[in-house]
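Okay, structure first, notes after.
Everything numeric in this text was worked out from a predicted model, so none of it was measured. Just so you know, ligand 1 is whichever comes first in the structure, and atom 1 is the first atom listed for that ligand.
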Amino acid sequence: MLELVFPDLCPCCKSPFKGRGFCSKCLEDIRFIRGSVCLKCGVPFNSHSQTASHHLCGLCLSGKEFCFHRARSVAVYDGMLKEMLHKFKYNGRLNLGEPLSQVFVEGFPSDFEPVDLVVPVPLHLNKLRKREYNQSLILGVKVARFLGVCIDPFVIKREVDTKPQFEITNRSERLKNVRNAFRVVNTKKVKDKSVLVLDDVFTTGSTSNECSRVLLDAGASCVQVVTLMRSLSD
Ligand SMILES: [Zn+2]
Ligand SMILES: [Zn+2]
């Protein structure tokens with residue numbers, strides 16, 4: 001039945017392909033993050049960088065930037081994957097959720113502490129009504145299944161309809177934009193739990209950090225962050 005709706009074509013290049021994700025040629029275009037990264041925020045180090053020997057990036061060495069225990073991303077935010085995510089988020093191409101989740105699971109970082117619960121970054125109700133689905137929740141369903149844990153989209157609520165982060169280039173302005181935008185609505189579910197915050201893209205980390213902050217305030221024992229992509233242009 002599904003094959004009638006989705007014929008066996010790569011959802012990106014439309015060439016004949018049988019499988020769940022993207023064809024091998026399109027997969028080649030994805031820059032998976034596999035080398036050395038900052039132990040805390042996960043920013044990839046280029047091999048010539050001096051910071052590589054410290055294992056923490058300059059920002060994390062300052063100690064003030066992030067409250068999550070660790071953040072990791074699967075791939076760099078560019079090329080076909082960036083294009084596919086845009087179509088998934090803004091052009092209503094809901095069928096791209098499956099191949100994008102497949103990439104998420106296949107490239108899933110291996111250095112996480114054990115996780116009890118996956119919490120996708122929520123959208124404000126206004127945006128949810130407009131877009132009709134939360135891309136992070138769709139991506140997270142497969143990741144939670146892969147980890148063998150539950151996903152709960154109702155743990156955190158986005159109370160403030162913030163300006164889209166991509167419209168703001170300045171780091172401190174981005175931080176201000178999401179400050180106090182989230183609230184934990186069910187503290188019982190996160191108390192003493194190891195929570196994995198899941199989002200589509202990590203840019204300055206302001207959004208995931210703010211979600212992490214409210215989860216830690218609510219008593220979570222550990223908060224880690226995973227995103228499908230990592231923007232390196234910032
Ligand atoms: Zn393809
Ligand atoms: Zn770092």
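If you take CG on Leu147 and CZ on Phe108, they are separated by 4.5 Å, rounding to the nearest 0.5 Å. Rounding to the nearest 0.5 angstrom, the gap separating the CZ atom in Arg213 from the CG atom in Asn180 is 5.5 Å.
Angle SG(Cys57) to the Zn ion (ligand 2) to SG(Cys60), rounded to 10°: 110°. Here the angle centred on the Zn ion (ligand 2), running from SG of Cys38 over to SG of Cys41, is 110°, rounded to 10°. Rounded to 10°, the angle formed at the Zn ion (ligand 1) by Cys26 SG and Cys10 SG is 110°. Between SG of Cys23 and SG of Cys13, the angle at the Zn ion (ligand 1) works out to 110°, rounded to 10 degrees.
Salt bridge status for Lys40 with Glu65: absent, with no side-chain N to carboxylate O gap under 4.0 Å. Ion pair Lys25/Glu28 not flagged as a salt bridge, since none of the NZ, NE, NH1 or NH2 atoms sits closer than 4.0 Å to an Asp/Glu carboxylate oxygen.
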